[in-house]
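A short worksheet on the structure shown next.
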Amino acid sequence: TAAVLGKRFDTQLLAHMLPRHSNLEANIEQAKKEQIWARHTDETLYTFRHSLLRDAAYEMQLRARLRELHLRAAEAYLSVYGFELDGHYGEVAFHYEQAMKRKEAARWYRVAGEHAARFYANMEAITYFTKGLALLSETAESERYAMLRAREEIFMLRGQRNEQWEDLKEMERLAAGSENQMLQADCALRFAHYYKTIGDYATALESAETAVNIARQINAHQIEMGGQLLWGQTLLLLGELEAAQERLKIVSHRAHTTSLLNLKADSLSALALLHDQLGLPDESIQYLNQALPIYQTLRDRQGESTILIELGNVFSRQGRFFDAQHCFKKAHQIIEETGDMQLLCRVTINLGTLHLELGEYHKSISALNEAVKLCQSIRLKVGECIGLTNLSQIYVSLDNGRKAMQVAQDAYASAKSLNDPNLVGYAQRCIGLAHIALGNLTEAATIFLHIHELWLEHDHLPFLLEILSTQAYI
């Protein structure tokens, strides 16, 4: 019976599995005397001294008997550990699976996966969700959707785009095949997050609008607000500040009339980004400082690290480099725990940019090259483009106009593929600066005139002063 529990086992579990009349203490002493078991420092934990002994004891039993014992083992875990079952969900699921109780096993694998994900044990969580999905019936559509969604979120966190896409397509199939509009709205929102992440902003806006429209029909307020928030965030990335502000006002108003703390923190974070782009850094910092303690209260490590990165960005632009560095390093520590590849790309880019501001060019080149490779590995085109524009600026500072031009043209090609006017403007600026470094002032003047017109068109006023200054220099 002990062999069913594995090489190491708890005698409390074993006692629960055995018939009441069994003399467990005598059997334990006999096993110790015969060098079969050894006791750990914890008086209830024992180990088979030799794996072969445990394997032989397990394999000699009939399949039907093993199924019965595994079922007893699962029930023993639930009975013995009760409310202290944390950390044992996977064992419960495993024993139910071996007992051929597929439905119970799938449910406990989902619980195990959610527990692992909560502590950012991401690969462990993926394993549990995958095992659970393999056990679920094809007709259990809602359960399959929930498990796929949980796994898709981790794939997104890890930057595993191919796997994320496959889960999204299966979620879409399940949602479309059901009459559950809640699933359809949620699925559209998950697609919106995916498209925003890879820089396909037009499709992200379409998906967000779909999510909002379906959610309104069924009064799914949380999904509706999630869609409005992502809609506003995407408009910010496109430089459409007025339209973004309208969306974010809706979210902010709803956040202050509900008890959804995560929505409140997310809306504050988005408003901070908006005010930063409007050239109002002090207001941006106020919003960020309001959002930070909410994320900390929720133990939302991703939200916390995002706020620290944004604070670092604002501090850096204010010339508060020590404060910026402190924020970036603290964010980096959190990201190492969570395994969020997208945020890792962002903070690595920001650290590289900070080194550039401090004149530490070689450190900056090293960090930005690392960031560009990371972004390429997870298909984060926006990050790749920003990393390349910053690298180009370094080569200009080092009077390496040829290398600056090469990198700037790569950044421009990346920005054009995203159809992002802000990034196109930044990349063109780098090409213009590279022309200046190469002595091609006529070409540089033409490019900066175009950027001037582009950023006037998109109300990108905070950066126009620098452009005018460069035009005057030319």
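One is the number of the first residue; the rest follow in order along the sequence. Hydrogens, waters and symmetry mates play no part in the numbers below; they use all other heavy atoms, side chains included.
Stacking of Arg151 on the aromatic ring of Phe155 is not recorded, the 6.0 Å distance cut-off and the 45° axial limit not both being met.
Between Glu114 and Phe129 there is a side-chain heavy-atom pair separated by less than 4.5 Å. Val382 places none of its side-chain heavy atoms less than 4.5 Å from the side chain of Leu237. At a threshold of 4.5 Å between non-hydrogen side-chain atoms, the residues Trp108 and Leu78 count as touching. In this structure the side chain of Ile309 reaches within 4.5 angstrom of the side chain of Leu343, judged on heavy atoms. Put simply, the side chain of His70 does not reach to within 4.5 Å of the side chain of Arg67, judged on heavy atoms. Lys373 places none of its side-chain heavy atoms less than 4.5 Å from the side chain of Glu370. Side-chain contact between Ile250 and Met225 is present, with heavy atoms from C-beta onward closer than 4.5 Å. Inter-residue side-chain proximity for Ser252 and His256 is flagged as met; some heavy-atom pair is nearer than 4.5 Å.
Considering CD of Glu124 and CD1 of Ile154, their distance stands at 10.0 Å, rounded to 0.5 Å. For the atom pair OG1 of Thr197 and OH of Tyr195, the computed distance is 12.0 Å after rounding to the nearest 0.5 Å. Of the inter-residue distances, the one linking Lys249 atom NZ with Glu246 atom CD reads 5.0 Å to the nearest 0.5 angstrom. Rounding to the nearest 0.5 angstrom, the gap separating the CD atom in Glu337 from the OG atom in Ser305 is 9.5 Å. Considering CZ of Phe48 and CG of Asp55, their distance stands at 9.5 Å, rounded to 0.5 Å. Expressed to the nearest 0.5 Å, how far CD of Gln233 lies from OG of Ser267 amounts to 10.0 Å.
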Between Tyr295 and Asp266, does a side chain to side chain donor-acceptor pair (under 3.5 Å) hold up when you go through it step by step?
CA-CA 9 Å; Tyr295 283 127; Asp266 290 344; 2.4 Å; yes
Could you walk me through whether Tyr89 and Tyr77 pass the ring-ring contact (aromatic ring centres under 6.0 Å, His included) check?
CA-CA 9 Å; Tyr89 300 128; Tyr77 270 102; over 10 Å; no
Evaluate the side chain to side chain donor-acceptor pair (under 3.5 Å) criterion for residues Tyr81 and Asp10: first the C-alpha distance (whole Å), next the side-chain angles of each, then the deciding distance (0.1 Å), finally the verdict.
CA-CA 11 Å; Tyr81 291 110; Asp10 189 332; 3.0 Å; yes
Chi angles and distances behind the salt bridge (Lys or Arg N to Asp or Glu O under 4.0 Å) call for Glu97, Lys131
CA-CA 10 Å; Glu97 182 182 8; Lys131 286 182 176 181; 5.6 Å; no
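Between the side chains of Tyr145 and Asp186, at least one donor N or O lies within less than 3.5 Å of an accepting N or O. Looking at Glu152 and Tyr194, their side chains never bring a donor and an acceptor atom within 3.5 Å of each other.
Between Glu68 and Arg65 there is a salt bridge, since at least one side-chain N of the basic residue sits less than 4.0 Å from a carboxylate O of the acidic one.
Nearest heavy atom pair, residue Val372 against residue Leu388, reads CG2-N, 4.0 Å. Here the closest heavy-atom approach between residue Arg161 and residue Met156 is recorded as NH1-O, 3.5 Å. Shown here for Val92 and Ala74, the closest heavy-atom pair between the two residues is O-CB, 4.1 Å. Minimum interatomic distance between Leu66 and Tyr58 (heavy atoms only, all atoms of both residues): CD2-CE1, 3.6 Å. Nearest approach of Ala324 to Gly312, heavy atoms of both residues: CB-O, 3.3 Å. Between Ile334 and Arg301 the shortest heavy-atom distance is CG2-O, 3.5 Å.
Ring centroids of His332 and Phe328 are separated by 6.0 Å or more, keeping the two rings apart.
The side chain to side chain contact (heavy atoms under 4.5 Å, CB included) test with Met171 is passed by exactly one of Arg149, Glu166, Arg144: Arg149.
Scored by the side-chain hydrogen bond (donor to acceptor under 3.5 Å, both in side chains) test, Tyr46 finds no partners at all (sequence neighbours excluded).
Ring pair Tyr287/His275 is tilted by interplanar angle, where 30° to 60° counts as tilted.
Evaluation of the side chain to side chain donor-acceptor pair (under 3.5 Å) test over residues 341-350, restricted to residues two or more places apart or in two chains, returns Glu310-Arg346, Asn313-Asn350.
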